[in-house]
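Below is one structure, written out as structure tokens; comments come after it.
Because only heavy atoms are used, hydrogens play no part in the values below, and waters and symmetry mates are left out as well, while side chains stay in. Below, chain A is the first sequence line, B the second, and so on; all start at residue 1.
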Number of protein chains: 2
Amino acid sequence: MEAMEAKTDYQPLLKSLGLKSTPKRLAMLEMLDGEQAYLSPEDIWKKLKRRFKSIGLPTIYRNLEELEGKNVITKVIHPNRQLYYYFCRHSSHHHHFVCISCKKVQDFTSCAVADIEREIRDKIKGKVVSHIFQVNGLCRECV
Amino acid sequence: MEAMEAKTDYQPLLKSLGLKSTPKRLAMLEMLDGEQAYLSPEDIWKKLKRRFKSIGLPTIYRNLEELEGKNVITKVIHPNRQLYYYFCRHSSHHHHFVCISCKKVQDFTSCAVADIEREIRDKIKGKVVSHIFQVNGLCRECV
DNA sequence: ATCTAAATAGAAATGATTTGCGTTTATAAT
DNA sequence: ATTATAAACGCAAATCATTTCTATTTAGAT
């Protein structure tokens, strides 16, 4: 007997975002949610080609951009290459610890952005709009 | 009478790095040092074309990579596009506040990376190799 | 002045991402 | 259930930053 896998139904999410629930979009979300590591658009494309006889890379890009814009998924900056990778976002404010070996992504909560915002307000007299905070390293298994 | 501009002589720096002091390299360093804002490889190329009748974009890329590898300049990640921008690094450990309007880059010193490293060591049991910490916003003049 | 490895220009290749456009499909109204 | 319509999509081609290749030039040492 196989272990039950409770898969999230993403149709309501897509509906709430005003996006149509297409099989490919649902498959993308399920894949990204199930994956511990970050994936490139091409990674996703290759995996989906197993399930969909015809699927284009532009579809992947379009959907990734759409979902990233709606804060459903998050970009990860690759240390060496200038490609974007994506993975599922689980909480609103968090930061990523990215394993450079196995590509696994783990969140951490410590965040000094409040401190930094204070410094920027007081010294630089500027306004913070966004920040990129990504820690690259080796995870437990890869150390 | 014009104000004196004390320009740094970058020849010793290049020599100490084992790089030849070519006119183009020197011009790149002077430009990046003088510039408050970050520049794209193409920005640099366009500016240098005024002074050098023949200069190729590959030269810019090669030198930027070389200098970045030697920690003389630093990459800045552009929020929207996936291009790399560069500017001169002044201290060993610092972070960037990048104005999304005028592209000026200012350093800030508050850094909680120590805290985060502790969390990653204790909870994730991983090893930090590098981090990207860049705050995007609007500077004093652009607010 | 000469030599040699490093640096360069210019053209071409690469590779990720985007665009254009005609076709298909999800969804809401009938 | 059928239909209408805007959103999604596939495919091909375009775009654009970056890299590679190769022959030539040049900085710096002898």
Side-chain angles (χ1 to χ4, degrees), chain A residues 9-31 38-70 72-73 75-86, chain B residues 9-29 31 38-70 72-73 75-86 103:
Chain A
D9 176 19
Y10 283 107
Q11 261 177 275
L13 172 62
L14 289 176
K15 175 169 255 180
S16 75
L17 297 171
L19 299 172
K20 289 187 177 175
S21 295
T22 68
K24 282 153 195 176
R25 248 178 212 156
L26 291 169
M28 281 178 68
L29 281 174
E30 280 161 22
M31 175 185 303
Y38 60 87
L39 300 170
S40 70
E42 206 177 343
D43 288 338
I44 297 166
W45 182 54
K46 282 177 183 164
K47 282 176 180 249
L48 288 186
K49 280 207 288 189
R50 297 177 199 150
R51 290 180 48 190
F52 299 95
K53 57 193 174 313
S54 81
I55 182 163
L57 207 32
T59 299
I60 309 293
Y61 278 98
R62 275 185 293 243
N63 284 334
L64 287 174
E65 194 189 332
E66 197 93 59
L67 294 168
E68 213 254 336
K70 307 258 186 189
V72 177
I73 58 174
K75 281 184 204 170
V76 170
I77 290 150
H78 194 285
N80 306 316
R81 282 249 150 216
Q82 54 276 25
L83 318 179
Y84 288 175
Y85 295 81
Y86 297 77
Chain B
D9 176 19
Y10 283 107
Q11 261 175 275
L13 172 62
L14 289 175
K15 175 168 255 180
S16 75
L17 298 171
L19 299 173
K20 289 187 178 176
S21 294
T22 67
K24 283 154 193 175
R25 250 177 211 157
L26 290 168
M28 281 179 67
L29 281 174
M31 174 186 301
Y38 59 89
L39 300 170
S40 70
E42 206 177 344
D43 289 338
I44 296 165
W45 181 56
K46 282 178 184 164
K47 282 179 179 246
L48 288 186
K49 279 207 287 191
R50 297 176 201 151
R51 291 180 46 189
F52 299 94
K53 57 192 176 313
S54 80
I55 181 163
L57 206 32
T59 298
I60 309 294
Y61 278 99
R62 273 186 296 248
N63 284 334
L64 288 173
E65 194 190 332
E66 197 95 57
L67 293 168
E68 213 253 338
K70 308 260 185 189
V72 177
I73 58 172
K75 280 183 204 170
V76 170
I77 291 150
H78 194 285
N80 305 317
R81 281 249 152 214
Q82 54 277 26
L83 319 178
Y84 287 175
Y85 295 80
Y86 296 77
K103 298 185 178 180

Side chains of B:Ile44 and B:Thr59 in contact at under 4.5 Å (non-hydrogen atoms):
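They are not in side-chain contact.
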
In whole angstrom, what separates [X]'s [atom1] from [N]'s [atom2]?
| X | N | atom1 | atom2 | answer |
| --- | --- | --- | --- | --- |
| A:Ile55 | C:dT25 | CD1 | C1' | 14 Å |
| B:Leu26 | D:dG28 | CG | C1' | 14 Å |
| B:Glu66 | C:dA6 | CD | P | 10 Å |
| A:Glu65 | C:dT17 | CD | P | 11 Å |
| B:Leu19 | C:dA6 | CG | P | 11 Å |
| B:Leu14 | D:dG28 | CG | P | 9 Å |
| A:Arg25 | C:dA26 | CZ | P | 11 Å |
| A:Phe52 | D:dA8 | CZ | C1' | 13 Å |

Residue A:Leu57, side-chain atoms from C-beta onward, closest of C:dA28, C:dT17, C:dT8
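When the side chain of A:Leu57 is considered, C:dT17 is the closest of C:dA28, C:dT17, C:dT8.
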
Toward the 5' end of DNA chain D, by each residue's nearest nucleotide, B:Glu42 or B:Ser21:
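Looking at the nearest nucleotide for each, B:Glu42 comes out on the 5' side.
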
Working to the nearest 0.5 Å, report the span between OG1 of B:Thr22 and CD of B:Gln11.
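Going from the OG1 atom of B:Thr22 to the CD atom of B:Gln11 covers 10.0 Å.
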
To the nearest 0.5 Å, what is the distance between NZ (A:Lys46) and CG (A:Leu39)?
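The distance works out to 11.5 Å.
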
Along DNA chain C (nearest heavy atom to each residue), the more 5'-positioned of A:Pro23 and B:Pro23:
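The residue closer to the strand's 5' end, by nearest nucleotide, is B:Pro23.
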
Pick the closest DNA chain C nucleotide for B:Pro58 and for B:Lys20 by heavy atoms, then say which residue is nearer the 5' end.
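Its nearest nucleotide lies further toward 5', so the answer is B:Lys20.
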
Under 4.0 Å between any heavy atoms, over every strand shown, what does B:Arg62 touch: base, sugar-phosphate, or nothing? Just pick one.
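Base contact - B:Arg62 has a heavy atom under 4.0 Å of at least one base atom.
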
Minimum heavy-atom separation for A:Ile55 and A:Trp45, please, with both atom names.
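For A:Ile55 and A:Trp45, the tightest heavy-atom pair comes out as O-NE1, 2.8 Å.
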
Show the nearest heavy-atom pair for residues B:Leu48 and B:Met31, with the distance to one decimal.
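Smallest heavy-atom distance, with atoms named: CD2-CE, 3.4 Å.
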
Side-chain N or O of [X] versus OP1/OP2 of [N]: is the shortest distance under 4.0 Å?
| X | N | value |
| --- | --- | --- |
| A:Thr22 | D:dC9 | yes |
| A:Tyr61 | C:dT18 | no |
| B:Lys24 | C:dA9 | yes |
| A:Thr59 | D:dG10 | yes |

